[in-house]
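Beneath this line is the structure, given in C-alpha cells, with notes to follow.
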Amino acid sequence: MSLLTIAMPKGRIFDEALHLLRKAGYKLPPEFDESRKLIIEVPEENLRFILAKPMDVPTYVEHGVADLGIAGKDVMLEEEREVYELLDLKISLCYLAVAGLPGTKMNDVAPKIATKYPNVASSYFREQGEQVEIIKLNGSIELAPLIGLADRIVDIVSSGRTLKENGLVEYEKIVSITSRLIVNPVSYRIKDDRIQELVERLEGIVQQDAN
Ligand SMILES: Nc1ncnc2c1ncn2[C@@H]1O[C@H](COP(=O)(O)OP(=O)(O)OP(=O)(O)O)[C@@H](O)[C@H]1O
Ligand SMILES: O=P(O)(O)OC[C@H]1O[C@H](OP(=O)(O)OP(=O)(O)O)[C@H](O)[C@@H]1O
C-alpha cells in the first residue's frame, strides 16, 4: 500500500476537514488537535499530513510533495495551479463578494479595488468590462473603503458580520465557496487505488451529511 501525503490547511478549514476524515474512518491521533508540528505521520493508516497555510496548499500539491490537499475554491480560483479537483467536501461554506460603503458609486476612472484575491478580482471586473486598479492586501480588507484606500473590496463573506459591523454593504456576489479535495495529476495516475478509496470514503460521508 503506497504512502499518501495530504496537505491540510491550517486555520478555519482544519477542524472541519479533520472531522470529515475521522468520520470517513481514518484513525487520526490526538496529536492533530494539540500539536504545533507541521508534519504528522500516521503509520497505522500509511498517511502523512503536512500542515500548510491555506493559500499554499495547491502549491504543495502541484509540485507533487503532497499527493492530495484540501483547499477552498477561493484559493483554487486565485492560484490556478495544475491540480485536479476530485471532490467538493461541502465544508467551510462562504462566498466571495464585492462590497463597499453604502450609496457610493465607484470612481469613473480606474476605481480602486482592495483584495486578498487579485486574480479573482481582476478577472471579475474584466468580465464586467470595468477597468480597475487592484490593491493587494493581506487581511483586514474591510478597512480599505473606510479609510479611503479603495472604492470597493473583493472579499470573503460568511456570516456577514464583518461587513455589518464596519458599516459596509454587499454590492455583488461573485461566487459560492466550499472546500475541495485536490490531487496531483501524477499521483492520481500512480496511486489511483488508494486515492480512489479515499475519495469513495469521503464521498460517502459528504453525501450522508448533505441528507
Ligand atoms: N469567514 C471566512 N473568512 C475567510 N475564509 C473563510 C471564511 N469561511 C470559510 N473560509 C475558508 O477558509 C479559508 C481561509 O482560512 P483561514 O482564514 O484560516 O486562512 P487565511 O485566510 O490564510 O487566514 P490568515 O491569513 O488569517 O492566516 C478560505 O480559503 C475559505 O475557503
Ligand atoms: O462574514 P464574516 O463571518 O464576518 O467573515 C468574513 C470575514 O472573515 C475573513 O477575515 P478573517 O477573520 O480571516 O481576518 P483577516 O481580515 O485577517 O483576513 C474575511 O476576510 C472577512 O473579513
Side-chain angles (χ1 to χ4, degrees), residues 6-21 32-38 40 49-62 66 68-81 83-102 112-124 134-183 202 206 209-210:
I6 306 180
M8 292 282 277
K10 291 200 290 185
R12 281 193 165 88
I13 304 176
F14 187 78
D15 285 348
E16 274 188 277
L18 193 63
H19 186 63
L20 211 58
L21 285 163
F32 276 90
D33 308 284
E34 302 150 2
S35 120
R36 292 185 63 85
K37 277 174 74 174
L38 299 176
I40 303 182
F49 291 85
I50 63 174
L51 275 51
K53 284 289 281 185
M55 202 61 107
D56 295 336
V57 166
T59 309
Y60 291 97
V61 176
E62 181 183 68
L68 294 151
I70 293 178
K73 183 70 185 176
D74 51 324
V75 169
M76 299 298 290
L77 293 170
E78 182 59 26
E79 289 284 306
E80 293 188 318
R81 297 280 168 180
V83 299
Y84 299 153
E85 243 183 74
L86 288 179
L87 188 62
D88 182 349
L89 298 171
K90 303 196 173 144
I91 55 170
S92 296
L93 269 63
C94 54
Y95 58 96
L96 274 168
V98 180
L101 285 166
K112 291 180 180 154
I113 313 294
T115 186
K116 212 170 164 175
Y117 300 91
N119 293 328
V120 174
S122 355
S123 327
Y124 176 75
I134 304 289
I135 301 177
K136 164 80 163 72
L137 293 177
N138 295 301
S140 300
I141 315 297
E142 290 80 2
L143 255 183
L146 299 177
I147 203 84
L149 178 65
D151 299 86
R152 294 283 187 266
I153 59 170
V154 166
D155 199 19
I156 296 273
V157 181
S158 175
S159 65
R161 203 174 143 200
T162 310
L163 288 181
K164 195 159 179 242
E165 290 194 10
N166 289 289
L168 299 176
V169 292
E170 198 180 301
Y171 281 95
E172 290 122 37
K173 182 172 170 176
I174 301 180
V175 62
S176 299
I177 306 291
T178 47
S179 297
R180 311 299 163 105
L181 179 71
I182 60 173
V183 69
L202 283 173
V206 173
D209 287 356

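In each ligand, atom 1 is the first atom listed, and ligand 1 is the first ligand listed. Since we're looking at a predicted model, the values are computed, not measured. By convention here, the first residue in the shown sequence is residue 1. When reading the values below, keep in mind they use all heavy atoms of this one structure, side chains included, and skip hydrogens, waters and symmetry mates.
Remark: atom 26 (O) of ligand 1 lies closer than 4.0 Å to no protein heavy atom.
Close approach of ligand 2 to Thr162 (heavy-atom distance below 4.0 Å) involves ligand atoms 2 (P), 4 (O), 5 (O), 6 (C), 7 (C), 22 (O). Distances below 4.0 Å separate heavy atoms of Lys116 from the following atoms of ligand 2: 18 (O). If you number the atoms of ligand 1 from 1 as listed, the ones under 4.0 Å from a heavy atom of Val75 come out as 29 (O). Per-residue contacts place Gly11 under 4.0 angstrom from the following atoms of ligand 1 (heavy atoms of the residue considered): 18 (O). For ligand 2 and Ile156, the ligand atoms under 4.0 Å from any heavy atom of the residue are 6 (C), 19 (C), 21 (C). Contact atoms of ligand 1 toward Ser92: 9 (C) (distance under 4.0 Å to a heavy atom of the residue). Listed by atom number, the atoms of ligand 2 under 4.0 Å from Glu142 heavy atoms are 21 (C), 22 (O). Within ligand 2, the atoms closer than 4.0 Å to a non-hydrogen atom of Val157 are 1 (O), numbered from 1 in the order shown. Listed by atom number, the atoms of ligand 1 under 4.0 Å from Gly72 heavy atoms are 31 (O).
Not one N or O of Tyr117 is nearer than 3.5 Å to an N or O of ligand 1, by distance alone. Among the atoms of Gly160, some N or O lies under 3.5 angstrom from an N or O of ligand 2.
Put simply, CE on Met55 and NZ on Lys116 are 6.5 Å apart, with the number rounded to the nearest 0.5 Å. From Asp56, atom CG reaches atom CD1 of Ile50 across 9.5 Å, with rounding to the nearest 0.5 Å. One distance of note links CD1 of Ile153 with CD1 of Ile135; it measures 12.0 Å at 0.5 Å rounding. One distance of note links CD1 of Ile91 with CZ of Arg12; it measures 13.5 Å at 0.5 Å rounding.
What sits closest to atom 19 (O) of ligand 1 on the protein, heavy atoms only, is Pro54 CG, 3.3 Å. In this structure, atom 9 (C) of ligand 1 lies nearest to the protein heavy atom Cys94 SG, 3.5 Å. Closest protein heavy atom to atom 1 (N) of ligand 1: Ser158 CB, 3.2 Å. Considering only non-hydrogen protein atoms, atom 2 (P) of ligand 2 sits nearest to Ser159 OG, 3.4 Å. For atom 28 (C) of ligand 1, the closest heavy atom belonging to the protein is Asp74 OD2, 3.1 Å. Ranking protein heavy atoms by distance to atom 15 (P) of ligand 2, first place goes to Ser140 N, 3.7 Å. Ranking protein heavy atoms by distance to atom 8 (O) of ligand 2, first place goes to Arg12 NH2, 3.5 Å. Of the protein's non-hydrogen atoms, the one nearest atom 19 (C) of ligand 2 is Asp155 OD2, 3.5 Å. Among protein heavy atoms, atom 12 (O) of ligand 1 sits closest to Ile13 CG1, 3.5 Å. Closest to atom 24 (P) of ligand 1, if we only count protein heavy atoms, is Lys53 NZ, 3.7 Å.
Of all the listed residues (Met55, Lys116, Arg180), Lys116 holds the heavy atom that lies closest to atom 23 (O) of ligand 1. Which of Met76, Lys73, Glu78, Arg12 comes nearest to atom 15 (O) of ligand 1 through a heavy atom is settled by distance: it is Arg12.
When all heavy atoms are compared, the tightest approach of Ile134 to Ser122 is CD1-N, 3.9 Å. Minimum heavy-atom separation, Ala7 to Tyr60: CB-CB, 4.4 Å. In terms of heavy atoms, Gly167 sits closest to Leu101 at O-CD2, 4.1 Å.
Around OH of Tyr171, the count of heavy atoms belonging to other residues, nucleotides or ligands within 6.0 Å exceeds 12. By the neighbour-count criterion of 12 heavy atoms within 6.0 Å, atom OH of Tyr124 is densely surrounded, having more than that number from other residues, nucleotides or ligands. The neighbour count for Lys164 NZ, taken as heavy atoms of other residues, nucleotides or ligands under 6.0 Å away, does not exceed 12.
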Using salt bridge (Lys or Arg N to Asp or Glu O under 4.0 Å), reason through Lys73 and Glu85 one step at a time and then give a plain yes or no. CA-CA 10 Å; Lys73 183 70 185 176; Glu85 243 183 74; 2.8 Å; yes
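Within the structure, ligand 2 lacks Glu165 among the residues with a heavy atom less than 4.0 angstrom away.
Counting heavy atoms closer than 4.0 Å to ligand 1, residue Ile177 contributes side-chain atoms (C-beta onward) but none from N, CA, C or O.
A donor-acceptor contact shorter than 3.5 Å links the side chain of Glu78 to the backbone of Val120.
Taking the six-membered ring where the residue is Trp, Phe14 and Phe32 present parallel rings, their angle staying beneath 30° rather than reaching 60°.
Between Ile174 and Val98 the shortest side-chain heavy-atom distance falls below 4.5 Å. Side chains of Asp155 and Tyr117 form a contact here, defined as non-hydrogen atoms less than 4.5 Å apart.
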